[in-house]
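Working notes, structure below.
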Amino acid sequence: MEHDDIIWEVKKEAIRSLVLSGKRMDGRDFYDYRPVEVKTNYVKRAEGSALVKLGKTQVLVGVKMDVGEPYQDTPNQGNLITNAEMVPIAAPIFTPGPPDENAIELARVVDRGIRESQMIDLEKLCVREGELVWNVIVDVHVLDYDGNLFDAAILGATAALHTTRIPKLEDDVIIYSEKKDPLPVRWAPISSTFVRIGDKDLLDPDLGEEKSMDGRLTLTIRDDGNLCAAQKGGVCAYKKEDVEKLFDIAVKKTGELRKKVIKK
Amino acid sequence: MEHDDIIWEVKKEAIRSLVLSGKRMDGRDFYDYRPVEVKTNYVKRAEGSALVKLGKTQVLVGVKMDVGEPYQDTPNQGNLITNAEMVPIAAPIFTPGPPDENAIELARVVDRGIRESQMIDLEKLCVREGELVWNVIVDVHVLDYDGNLFDAAILGATAALHTTRIPKLEDDVIIYSEKKDPLPVRWAPISSTFVRIGDKDLLDPDLGEEKSMDGRLTLTIRDDGNLCAAQKGGVCAYKKEDVEKLFDIAVKKTGELRKKVIKK
Amino acid sequence: MEHDDIIWEVKKEAIRSLVLSGKRMDGRDFYDYRPVEVKTNYVKRAEGSALVKLGKTQVLVGVKMDVGEPYQDTPNQGNLITNAEMVPIAAPIFTPGPPDENAIELARVVDRGIRESQMIDLEKLCVREGELVWNVIVDVHVLDYDGNLFDAAILGATAALHTTRIPKLEDDVIIYSEKKDPLPVRWAPISSTFVRIGDKDLLDPDLGEEKSMDGRLTLTIRDDGNLCAAQKGGVCAYKKEDVEKLFDIAVKKTGELRKKVIKK
Amino acid sequence: MKNPGIKLLDENGKRLDGRGLKELRPITIKAGVLDRADGSCYLEWGGNKVLAGVYGPREVIPRHLADPLKARVVYRYNLAPFSVDERARPGPSRRSIEISKVSREALEKAIFLEEFPKTQIDVYVEVLEAEAGTRCAALTAASVALADAGIPMRDLVTACAAGKIEGKIALDLMKEEDNYGEADFPIAIMPRTKEIVLMQMDGNFTREELTEALETAINGAMQVYELQKKALKERYKIEGE
Amino acid sequence: MKNPGIKLLDENGKRLDGRGLKELRPITIKAGVLDRADGSCYLEWGGNKVLAGVYGPREVIPRHLADPLKARVVYRYNLAPFSVDERARPGPSRRSIEISKVSREALEKAIFLEEFPKTQIDVYVEVLEAEAGTRCAALTAASVALADAGIPMRDLVTACAAGKIEGKIALDLMKEEDNYGEADFPIAIMPRTKEIVLMQMDGNFTREELTEALETAINGAMQVYELQKKALKERYKIEGE
Amino acid sequence: MKNPGIKLLDENGKRLDGRGLKELRPITIKAGVLDRADGSCYLEWGGNKVLAGVYGPREVIPRHLADPLKARVVYRYNLAPFSVDERARPGPSRRSIEISKVSREALEKAIFLEEFPKTQIDVYVEVLEAEAGTRCAALTAASVALADAGIPMRDLVTACAAGKIEGKIALDLMKEEDNYGEADFPIAIMPRTKEIVLMQMDGNFTREELTEALETAINGAMQVYELQKKALKERYKIEGE
């Protein structure tokens, strides 16, 4: 628990009443992202990496690759594995230990965005059918938590995978010091997360807005404007029309963001 | 802990004094099972299964099969693996988490009944000696706990294994959708569990009797009337003659039950 | 926590003031070990073993061997694995469960002493390069804890390894009942642990001295008088000259001990 | 979604099990099937068999987790090891932890939590047999079990999935459709207002497909809702007799 | 029991180690061997070496586990990793958890628990070398350690196993007999009344064999009891000096 | 240390990266880089990147771990999974538990713990990229983060390693030197008195080599100390503006 529970109760009331009157604490429009900064190749030792700053939120995503056996039902495909760690450096409430339900939800939503968009051409990651394939392991490492880990993590994963280089494989042994071909990627999925406060929806919530929210909706959008993953969380309810409206906004906003930060 | 500890203290006194006067709360004779119902093939997706109702106690036993390497000292035999989960749906005191000592004891007593009776012809489960054998995995899933999980679980395991069909194996890959030969079984071990209250022994205790007991004895009997497993639990003591007497009752009672519920 | 915290507070004060006046509770000189007894081949079933009594501290070290794949970067070498268990029989404060930081530190300091002294000729433990090598597994089992587990455990490990015999390997299956060649060992690393109380350093602390200490330094010395491992622990600080002085004492004292207890 | 190797629709637009695109699998619901639990429900939905049990409101253990203002809800979705082809390892997987979280949040919107401050309501769902759509089956059974336990709710919660197979929006995917289809879209609603309290999606939807999927899933849930109400009526009838 | 590939009895009815059917392996017991533990016992039984230590009665941690009416007993049977041919992974196995449970229950019958309400008595047994019959050796040593710790008991607890080899009931199986025999039957008694407080069995017994096994095991335990008493007497002698 | 297969010094006595034997790798330190943490520090040291964050003094959870006389220090050294060639499994390894212990003990000597009884100071260090010498980089960053958090200390703690390559004592080993060298000797000092608060060693040192290694490592640490002070000054400058 935060130590300053009472302070937060007061803050939350202030945030909620401001939002219900149509404004945000930091003056942003309801459908604006905070300033975004993406630094790729941040970790030289990783096959791919990206440090994302979304306002004061900082997430570092690293991509490692190794080889292993394929699954029986996809003998000619590489595997994608996604993990997220909310390490305690990032917030006073994060505690050491195995991922809790929040970290697991984060990892799985990031994973679905990458997987379902068919971003990575997994068939090109087959070394010997039925025997040896590449594993692509995406690790989301949260460094500073000021809200909206979903969008920061998905953006980081997409950016990191777009700059990932496959290491050399020699007699089935990986030579990590020699990176070669780029990872075969086709799409750049990016998400928009909206928190719901009363009947208002706010894109890219900061920590205070997240604490004040009733619930949230995350929509991951592909370059072609199609939805590839969705996740509702928290204790709120949406009408059908709400979902459609937020989808339209997400397509527009992720499109702008993609143009700005993903170099193909 | 149960929330109603005080109520239970009163109940236990009532149960114990009734038992010591020679009667049971539900009017049963000391050596009677409660009504028994066995539904086999309950879970179609499992290789074998049986839902057992013993009074209000409900236990679902499922059998799954897969293949793996044999143990070094039994290169031409399949393996038996038994597990029990006291999932929290079954009683207010059961909590999520890894099996505690009670669940482990239950699994191991069920396992010994199956294994030591030599019920399954494990040598017929060898695919390639020293390389590949079938594993038979028995999972005891407790659904509603009104006492005497031992007898319900062993009955369920025996019934489930008697209706288990081995799936097809093609190039060492299991085709679960095609079940073929029945599992080679020879015996139908069934157990009698007696709780001791003072100097009385009661077959098939319900929850109240189990809470009121000093201890218990479980005797698993084969079709030929031989003992194949025994387990004493709780804080009581038996004279040699007690054990012999309970053995004789168990042979009779398991014999009756076997005739009623196991179709060969 | 010890139950007798207050008693210990008093004891610690007494121990500290005695030490600061230049004496020890048991009358030993500052740089003396307690009486040492080493019984090798204590556990017949193990490949090697030694029961060490250091004063009232008792540590049993067992060595087991099995075979497995080598690491990729040392394809022609066997592996050393070291583990320590502070089982609850040994002290009222030890609790069951996975090794805590103290047990892990103990295991790793023992491991470094063996490994870095190059005591075991790991290349002779290669069965087939890149495929199959021997693993040497050293288990430190603490039986009675009266201080200074480091020196007792390292002495036990050295003594046990010096009497270890490799079991027979037949078609890659280990025949544990037939022990054959001795393990190829070259050195006998032995450690001196000094606790620091104020500005005094005491060799081989007993429990009371350990509880009264500010910190400690462990120096593991090879037969040739070279340092092969060091570990500082606790909340104290050393000047450069302190370290040099303790090193000189350690070389002398481990030399004497080695002569007494290690039969080559 | 995996690459399709199977024809999921025949020339008449019928699905592998003969259903039309907007048709549900057979569903049966029975309330009050367990003795120990305060409320319970057994539900079969196509090849799925789930059993839901509710305990509470009861004391929160450990106590420091109690909320002075409202009840705490615990939801545990659990796959029985034998419920799937390859035996599921006992204990929570990452998948079941995520499902439990979003299902709990859906129920929290419906339960009058403020009426039971400092207490805990435990909702346990055992999936005894699984064949695509277990999270919807589990949540649907859970809300019946909550009603059976007498927990006051704004509305039942009713779940149903839509999906996409061979480019068409379909209701309530079965296993092969889930494996080889192009999208899965499970939602849960509070039927009186049709508001969505659970929504997940993976696959590929255009704007138009999203709209059609929303309509399809909501319509499906409304049919399931009738079966929930019927099961509860039968339960009260039996209890009333 | 595995298929027999070994002849366990010779033409004279002697066992692999030369024992007769109803003969014990050599046993030595020594009480008071540890400094820190409140009571302790070292016991060798054939190829088994076990070390038992007792702490308590002491405060219960965590406190909510304390019983206001009696002492809580903790029993931990632990195999040292190097005690067996294939190294045992440290930490409790399912087997050792079961052994610990039934051993604890046996001791609880013998200890005057009501004399120490709200406290805990910890009984730890380390199996340093294992060669069939470790649970009996451990429990036998534990009850000596309890007596050494001064814990008041109705009686000592003494354990011994009978078994079946080549169709005959035998006392105190050794490793090969345990592996290739037809039954193992460990029991523990309170020797004064010969009442059974631990009993497990796996294998195959007819009615007659059960009776003979009961007699055999109880007789064996009575011999072990004499050695327990002797060890305690020697301990008191030393202390008294 | 593994058998050398690599030449670690060229004919001019230069190391693989061109450094002299007693030369440090490039180091940059920046204090105050995180928003949530009470104090923080980002540090690059050769190929190492570490991020330290400090929370506290704050309430001890769980409370019974609180010390009535002084603050409790928690130190967590954590390797990010992608920081090394073969992905590190998340969660503490035995190695990181040991490093955390000795690093915590080093800091405890420097912090005025008595000023904050019953509280806890959490020091978290994330190794984002690792290339030999991470424990020294982590501890050096941690003490800057503590200063940034305003925790009163007797002195900063500054860490640096010496080592032995091709028979010669060298400062601050890089990866290949660590792998193929003959000794690694990480220490930490409180620079004002040059007292050693962390010391570990593995490899092979004669008496003379130990002396030279001590001098080399202490000299190295004194250079690092200047960079720590500079980083803190820059931080205060920014804050003061």
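Note that the structure is predicted; figures quoted are calculated from it, not measured. Convention: sequence-line order gives letters A, B, ...; per-chain numbering from 1. Values below: every heavy atom of this structure, side chains too, minus hydrogens, waters and symmetry copies.
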Handout entry: Leading residue by heavy atom contact count with chain D [cutoff under 4.5 Å; candidates A:Gln231, A:Arg222, A:Lys239]
Key =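 When all of A:Gln231, A:Arg222, A:Lys239 are compared, A:Gln231 has the most.
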
Practice task
For chain D, find which of A:Gly233, A:Gly225, A:Gly234 contributes the most heavy-atom pairs closer than 4.5 angstrom.
Solution key: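 Counting heavy-atom pairs under 4.5 Å, the top option is A:Gly234.
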
Practice task
Calculate, to the nearest 0.5 Å, the distance between atoms CG and CD belonging to A:Asn102 and D:Glu98 respectively.
Solution key: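 Separation between the atoms: 11.5 Å.
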
Practice task
Working to the nearest 0.5 Å, report the span between CZ of D:Arg94 and CD1 of A:Ile104.
Solution key: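 One finds 5.5 Å between CZ of D:Arg94 and CD1 of A:Ile104.
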
For [X], does the [atom1] atom have more than 12 heavy-atom neighbours from other residues, nucleotides or ligands under 6.0 Å away?
{"X": "D:Lys194", "atom1": "NZ", "answer": "no"}
{"X": "D:Glu226", "atom1": "CD", "answer": "yes"}
{"X": "A:Glu256", "atom1": "CD", "answer": "yes"}
{"X": "D:Lys118", "atom1": "NZ", "answer": "no"}

Contact check, side chains of [X] and [Y], non-hydrogen atoms, under 4.5 Å:
{"X": "A:Glu101", "Y": "D:Arg104", "result": "yes"}
{"X": "A:Tyr238", "Y": "D:Glu195", "result": "no"}
{"X": "D:Val102", "Y": "A:Glu105", "result": "yes"}
{"X": "D:Met201", "Y": "A:Leu227", "result": "yes"}

Handout entry: Lys/Arg N to Asp/Glu carboxylate O, A:Arg216 vs D:Glu105, below 4.0 Å
Key =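 D:Glu105 and A:Arg216: not salt-bridged.
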
Problem - Cationic N near anionic O, under 4.0 Å, A:Asp248 to D:Arg207 - result: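 Judged by the 4.0 Å cut-off on N to carboxylate O distance, A:Asp248 and D:Arg207 do form a salt bridge.
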
Exercise for the section: Using the salt bridge (Lys or Arg N to Asp or Glu O under 4.0 Å) rule, collect all pairs that involve residues 60-70 of chain D, keeping only residues at least two apart or in two chains. Expected result: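 Counting only pairs at least two positions apart or across chains, the salt bridge (Lys or Arg N to Asp or Glu O under 4.0 Å) contacts touching residues 60-70 of chain D are D:Glu59-D:Arg63, D:Asp67-D:Lys70.
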
Exercise for the section: Could you please state which residues from residues 208-222 of chain D sit under 4.5 angstrom from chain A, measuring non-hydrogen atom to non-hydrogen atom, sorted by number, or 'none'? Expected result: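 At a heavy-atom separation under 4.5 Å, chain A is reached by D:Leu210, D:Thr211, D:Leu214, D:Glu215, D:Ile218.
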
If I measure from the heavy atoms of chain D, does [X] come under 4.5 Å with its side chain, its backbone, both, or neither?
{"X": "A:Asp242", "value": "neither"}
{"X": "A:Cys228", "value": "both"}
{"X": "A:Asp111", "value": "neither"}
{"X": "A:Leu217", "value": "side chain"}

Problem - Largest heavy-atom contact set with chain A, pairs under 4.5 Å, which of D:Leu107, D:Ile97, D:Val197, D:Leu198 - result: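 Highest number of pairs under 4.5 Å: D:Val197.
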
Exercise for the section: Could you check which of D:Ile187, D:Ile196, D:Thr206, D:Thr193 has the highest count of heavy-atom pairs closer than 4.5 Å to chain A? Expected result: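 Looking at each of D:Ile187, D:Ile196, D:Thr206, D:Thr193 in turn, D:Ile196 comes out on top.
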
Exercise for the section: Could you tell me which portion of D:Arg95 (side chain, backbone, both or neither) has an atom closer than 4.5 angstrom to a non-hydrogen atom of chain A? Expected result: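 Looking at D:Arg95, backbone and side chain both touch chain A.
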
Problem - A:Glu116 and D:Asn204: CA distance, side-chain angles, deciding distance, side-chain contact (heavy atoms from CB on, under 4.5 Å) verdict - result: CA-CA 7 Å; A:Glu116 301 299 332; D:Asn204 193 321; over 6 Å; no

